[in-house]
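In this chain, residues are counted from 1 in sequence order.
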Amino acid sequence: MKNTIKNVFHSPKFVMGFIIFFGILVFTIVYPWFVVADPLDMVGQGNFFKPGTYISVRDTVETKHYVLNITAKAGNVGDRIEADDKADMRDWLVKYGGVSQETMDAADDNELVALWVENYDPKAKQKGLLASKKKAFVRLNTEIEKLMKDADLILAEQNEDGELESTGTITSKEYVNTKDIDNKRTLVLGTDNFGRDVLTELVAATKNSLRIGLLAGTVATLIGLLLGLLSGYIGGVFDNVIIFITNLFTVIPSFVLLILITYSVGQNARGLTLMSVVIGLTSWTWTCRSVRSQVISLRNRDHVNLSKLSGHSLMRIVLTDILPYVASYVVMAFILQISSGILSEAQLSMLGLGPSTTKTATLGQMMNWATMYSAHLNGSWWAYIPVVMVIALISFSLNLMNTGLDQVFNPQLRD
């Protein structure tokens with residue numbers, strides 16, 4: 001056993017896959033120790049906040065201010081303009097400002113503002129433009145000019161009569177130290193369509209998907225191993241029955257069975273455990289067939305015949321004389337079953353047939369939510385790219401481990 005483990009960890013592919021998988025597993029365990037927030041807690045009142053550190057605006061006004069020789073005149077003016085107004089500005093510049101659409105960077109808001117300041121003229125001929133729209137452009141231009149100026153921000157409070165009275169001003173050279181502000185939240189991966197912290201949700205979803213993969217892989221491997229051992233060793237009518245059932249499950253696509261079963265049980269009943277068991281019950285066939293073929297080649301070996309002559313029981317012969325010779329293959333099958341279980345859950349969740357969405361999150365569900373709310377169309381990459389990367393890393397690491405084990409246990413593949 002020690003030599004076998006030593007040979008396994010001498011395989012570069014297995015070691016690399018093991019490090020990746022173990023790293024993901026450790027991160028999902030350690031992260032909740034430091035971030036104890038509910039992964040489904042809606043921290044944002046809106047959809048798809050981009051990654052960054054969010055600071056309380058009220059705290060920035062009330063905390064101690066520092067005067068620096070850095071004048072923040074306009075800041076990023078483009079961020080303060082509504083998306084519809086930006087679209088109208090681009091349309092005006094192309095039609096009436098003489099700006100070529102090919103030379104305009106649609107993603108650069110600062111360039112848009114610069115082009116607007118340089119080319120906008122309320123007296124220009126704007127044929128076909130309604131008078132109300134012309135006035136709207138004038139008001140927009142006035143607003144942009146105010147944003148571009150280095151004007152003080154006036155603070156006001158209501159008096160006893162309900163009227164606003166000036167209580168102070170904030171100049172463009174006043175800054176606050178973020179260390180002085182208590183109310184701040186760093187969202188490394190922003191928020192999703194429900195306003196939930198994507199990183200915290202991703203860690204919880206990864207843990208749940210791994211749990212589904214491990215449980216589904218265990219169920220599928222145990223069923224396939226048990227039926228494969230008995231079918232291959234006993235043979236006869238029992239073997240024919242098992243092969244008939246296996247062929248029946250093989251002919252009917254397992255994913256179709258998954259869809260039918262998960263749809264029939266209803267969403268409220270679809271928990272992590274039930275999903276895992278259903279996936280395991282529909283993915284044991286190829287493990288059974290493979291184990292059976294291995295057992296058929298072993299059942300007439302000398303040490304097995306010797307056990308038969310010694311009067312050993314069926315279970316003892318199977319467990320002590322046959323199972324150790326197929327154990328390495330069973331481990332490899334188990335690793336692939338874990339990967340298959342995770343991918344099956346992701347596929348079902350993408351179809352809306354995953355676990356109950358009000359109680360937990362999985363990698364497949366996060367992909368489903370991002371797709372439903374068009375994260376891939378509005379540029380909210382943080383809502384789906386990290387999920388895809390985690391799924392790819394898990395599958396890559398498990399398949400790499402399986403390849404490494406195959407090179408160790410398969411003499412034909414050894415260098």
Side-chain angles (χ1 to χ4, degrees), residues 1-5 7-8 14 212-254 257-258 261 273 276-344 398-399 401-414:
M1 178 64 71
K2 291 183 178 180
N3 290 331
T4 301
I5 297 176
N7 291 332
V8 166
F14 178 85
I212 290 175
L214 288 169
L215 184 53
T218 301
V219 172
T221 303
L222 288 177
I223 294 175
L225 175 62
L226 178 61
L227 294 180
L229 286 172
L230 296 178
S231 175
Y233 180 75
I234 297 175
V237 178
F238 184 82
D239 182 36
N240 292 333
V241 173
I242 296 300
I243 286 300
F244 174 78
I245 298 174
T246 304
N247 291 336
L248 189 63
F249 273 86
T250 303
V251 171
I252 303 174
S254 60
L257 287 176
L258 277 176
I261 295 173
T273 303
S276 304
V277 173
V278 170
I279 293 173
L281 290 175
T282 57
S283 57
W284 56 268
T285 53
W286 61 271
T287 301
C288 176
R289 293 176 66 92
S290 301
V291 171
R292 172 182 173 274
S293 63
Q294 295 289 327
V295 173
I296 289 176
S297 65
L298 291 170
R299 66 184 181 185
N300 292 321
R301 296 282 180 91
D302 292 339
H303 67 284
V304 177
N305 292 328
L306 183 60
S307 294
K308 293 177 183 178
L309 294 175
S310 300
H312 293 163
S313 64
L314 170 66
M315 293 306 298
R316 179 174 178 178
I317 295 174
V318 170
L319 295 178
T320 61
D321 296 322
I322 294 179
L323 181 59
Y325 290 89
V326 298
S328 59
Y329 182 82
V330 173
V331 172
M332 291 188 290
F334 175 63
I335 291 175
L336 290 181
Q337 290 284 13
I338 295 175
S339 177
S340 176
I342 294 173
L343 293 177
S344 295
L398 291 173
N399 281 276
M401 291 168 63
N402 181 76
T403 303
L405 289 175
D406 198 17
Q407 289 181 341
V408 172
F409 296 119
N410 191 343
Q412 296 179 353
L413 298 178
R414 292 177 187 170

Q) Looking at residues at least two apart in the chain, or sitting in another chain, which of them share a side chain to side chain contact (heavy atoms under 4.5 Å, CB included) with Val277? A) Thr273, Leu281

Q: Scan residues 317-336 for pairs that pass ring-ring contact (aromatic ring centres under 6.0 Å, His included), counting only residues two or more places apart or in two chains.
A: His303-Tyr325

(Q) For residues 331-340, which residue pairs pass the side chain to side chain donor-acceptor pair (under 3.5 Å) check, not counting sequence neighbours? (A) Thr287-Gln337

Q) Given Ile242 and Leu230, is the side chain to side chain contact (heavy atoms under 4.5 Å, CB included) satisfied, shown in steps? A) CA-CA 9 Å; Ile242 296 300; Leu230 296 178; over 6 Å; no

Q | OG1-CH2 distance between Thr246 and Trp284, expressed to the nearest 0.5 angstrom | A | 4.0 Å

Q: Quick one: list whatever passes salt bridge (Lys or Arg N to Asp or Glu O under 4.0 Å) with Asp239, sequence neighbours left out.
A: Arg292

Q.
If the condition is side chain to side chain donor-acceptor pair (under 3.5 Å), which residues does Arg289 pass it with, not counting sequence neighbours?
A. Asn247

Q: Grab the two heavy atoms, one from Leu227 and one from Cys288, that are nearest each other, plus how far apart they are.
A: CB-SG, 3.8 Å

Q: Over all heavy atoms of both residues, which pair between Ser276 and Ile212 is shortest? Give the atoms and the distance, please.
A: OG-CA, 3.2 Å

**Q.** Side chain to side chain, Leu323 and Val326, heavy atoms closer than 4.5 Å
**A.** yes

Q) Does the pair Phe244 and Asn240 meet the rule for a side chain to side chain contact (heavy atoms under 4.5 Å, CB included), with working shown? A) CA-CA 6 Å; Phe244 174 78; Asn240 292 333; over 6 Å; no

Q | Those residues that, when tested against Val318, pass side chain to side chain contact (heavy atoms under 4.5 Å, CB included) (two or more places apart) | A | Leu229, Tyr233, Leu314

**Q.** From OG1 (Thr285) to CD1 (Ile243), nearest 0.5 Å
**A.** 10.5 Å

Q.
Determine whether a donor-acceptor pair (N or O, by modelled atom type, separation under 3.5 Å) exists between the side chain of Ser297 and the backbone of Gln294.
A. yes

Q. Looking at Gly224 and Val291, what are the two nearest heavy atoms and their distance?
A. O-CB, 4.4 Å

Q: Look up atom CG in Leu398 and atom OG1 in Thr403, then write down how far apart they are to the nearest 0.5 Å.
A: 10.5 Å

Q) So how far is it from Leu306 CG to Arg301 CZ, rounded to the nearest 0.5 Å? A) 14.5 Å

Q | Donor-acceptor pair, side chain of Thr221 and main chain of Thr218, under 3.5 angstrom | A | no

Q.
To the closest 0.5 Å, what do you measure between OG1 (Thr282) and CG (Leu258)?
A. 3.5 Å

Q | Heavy-atom closest pair, residues Trp286 and Ser283 | A | NE1-O, 3.7 Å

Q | Least distance between heavy atoms, Val295 atom then Gly228 atom | A | CG2-O, 4.1 Å

Q | Any Asn399 side-chain heavy atom under 4.5 Å of Leu336 side chain | A | yes

Q | Full working for side chain to side chain contact (heavy atoms under 4.5 Å, CB included) between Leu405 and Phe14 | A | CA-CA 7 Å; Leu405 289 175; Phe14 178 85; 3.8 Å; yes

